[in-house]
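None of the values given here were measured: they were computed from a predicted structure.
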Amino acid sequence: VNYVVSLPIMPNTSFEEALAASRLDSRYIPFTCPDFDLTDDEMMEKLKRDIAMGAKGLKIHPIIQNIEITDKRCERPIKLFGELGLPITYHCGVNDYYKPDSPYLKMTNLNYGKLDYTFELLKKFPDYTIVPAHGGGGELEALSAEVRKHNYKNVYVETSHRGAADILKAVELFGEDRVMYATDWPFDTCDCNIRCGEEALGNDPVAMDKYFYKNAARILHLEEF
């Protein structure tokens, strides 16, 4: 493993934690996340400072942060990163993160993970580098059909929570230049996901190099790329 992208989710983890890790070990690449507890102007100033300090992309979690990815409060952060050519990633998939008796369960809307929100987002920002997480919540065919229909050039998929068969399917649907390795610790592990990638692409070293490194290096603007 040459690099690890750290994706904080406010208010549980912060850019400052990701940044501290990157200063201890330069292989950590910090993203940042909007703090929706701030006013819009305060939030934007904070994100601009984060970029100046080294944030390489934007992470939003609609379910945990209880906000639609197409909400107006998300629009300004997405525009900020999109116009700078920095990647924007966010959770996709209708998933529950809390036990039935947790008070936080009532504070979230699982439907905010639906792929329909991604379709709306892409129509609004067709030229930004967008990475719907978990292979579009596992709905690879539906996401691919929308991407092809509108000829979106900068939509990438990462394959956390996806096995070897889905990795192969993603490469078939999106092409080997737009599919990337990912993990979603603690729900899955680096070792498990590496094995899935090797099982899927081990017979094609060029595709495997793109999957494990080059595609991510391109959108992260790594100097080595």
R162 CZ to D184 CG distance, which is reported to the nearest 0.5 Å: 10.5 Å

Contact summary for R178 and N215, nearest pair of heavy atoms: N-ND2, 3.7 Å

Non-hydrogen side-chain atoms of E16 and M53 separated by less than 4.5 Å: no

Close side-chain approach of N193 to T159, heavy-atom, < 4.5 Å: no

Donor-acceptor under 3.5 Å (S144 side chain, E141 main chain): no

Heavy-atom closest contact (G93 atom, I63 atom, distance): O-CD1, 3.4 Å

Donor-acceptor contact below 3.5 Å, side chain Q65 vs main chain I67: no

Nearest heavy atoms of S6 and P8, plus distance in Å: O-CD, 3.2 Å

Min side-chain heavy-atom separation V131-M180 under 4.5 Å: yes

Side-chain ion pair, K46 and D50, N-O less than 4.0 Å: yes

Heavy-atom side-chain proximity of C196 to I167 below 4.5 angstrom: yes

E158 side chain to H134 backbone, donor-acceptor under 3.5 Å: yes

Nearest heavy-atom neighbours spanning C33 and I9: SG-CA, 4.0 Å

Distance in Å, L38 CG paired with L47 CG, rounded so as to fall on 0.5 Å steps: 9.0 Å

I29/L220 under side chain to side chain contact (heavy atoms under 4.5 Å, CB included): CA gap, chis, key distance, verdict: CA-CA 9 Å; I29 299 174; L220 292 168; 4.1 Å; yes

Residue pair I51 / T32, side-chain heavy-atom distance below 4.5 Å: no

With sequence neighbours excluded, residues passing ring pair (Phe, Tyr, Trp, His ring centres under 6.0 Å) with F212: Y181

Step-by-step side chain to side chain donor-acceptor pair (under 3.5 Å) determination, R218 to Y156: CA-CA 11 Å; R218 184 187 316 113; Y156 289 73; 3.2 Å; yes

R148 (side chain) donor-acceptor with L173 (main chain) under 3.5 angstrom: yes

Which atom pairs, one a donor and one an acceptor, fall under 3.5 Å between side chains of residues 80-88 and the rest of the protein, sequence neighbours left out?
{"unit_1": "E83", "atom_1": "OE2", "unit_2": "Y128", "atom_2": "OH", "d": "2.5"}

Full working for side chain to side chain contact (heavy atoms under 4.5 Å, CB included) between E146 and K123: CA-CA 10 Å; E146 188 76 3; K123 287 177 183 177; 3.8 Å; yes

Lys/Arg N to Asp/Glu carboxylate O, K48 vs E45, below 4.0 Å: yes

Check ion pair D127-K153 (N to O, under 4.0 angstrom): no

Contacts of type salt bridge (charged side-chain N to carboxylate O under 4.0 Å, His left out), residue K210, not counting sequence neighbours: E176, D177

Without placing hydrogens or testing angles, list every side-chain donor-acceptor pair under 3.5 Å for residues 107-119, not counting sequence neighbours.
{"unit_1": "T108", "atom_1": "OG1", "unit_2": "L105", "atom_2": "O", "d": "3.0"}
{"unit_1": "N109", "atom_1": "OD1", "unit_2": "N111", "atom_2": "N", "d": "2.9"}
{"unit_1": "T118", "atom_1": "OG1", "unit_2": "Y90", "atom_2": "OH", "d": "2.7"}

side-chain contact (heavy atoms from CB on, under 4.5 Å) involving D37 - partner list, sequence neighbours excluded: D35

Between CD on residue E75 and CG on residue D40, distance to nearest 0.5 Å: 11.0 Å

Test log, rule salt bridge (Lys or Arg N to Asp or Glu O under 4.0 Å), inputs D41 and R76: CA-CA 10 Å; D41 287 343; R76 289 180 70 189; 3.2 Å; yes

Side-chain touch V5/L7, heavy atoms, less than 4.5 angstrom: yes

Test item: P132 and L143 side chains (from C-beta on) under 4.5 Å apart, heavy atoms: yes

Spatial distance of atom CG (D71) from atom CG (L121) [nearest 0.5 Å]: 12.0 Å

Nearest non-hydrogen partners of Y152 and V155, listed with the distance: CB-CG2, 3.7 Å

Pairwise side-chain contact, F31 with L58, heavy-atom cut-off 4.5 Å (strictly under): no

Over 12 foreign heavy atoms within 6.0 Å of OH, Y98: yes

Separation of H61 NE2 from M10 CE (nearest 0.5 Å): 14.5 Å

Nearest non-hydrogen partners of M43 and P77, listed with the distance: CE-CG, 3.8 Å

Transitive ILVMFWY side-chain link F15 to I60, under 4.5 Å: no

Residues R27, D25: salt bridge by 4.0 Å N-O rule: yes

Rounded distance (nearest 0.5 Å) linking atom OG1 of T13 with atom NZ of K59: 9.5 Å

Ring pair (Phe, Tyr, Trp, His ring centres under 6.0 Å) partners of residues 36-58, not counting sequence neighbours, each pair once: none

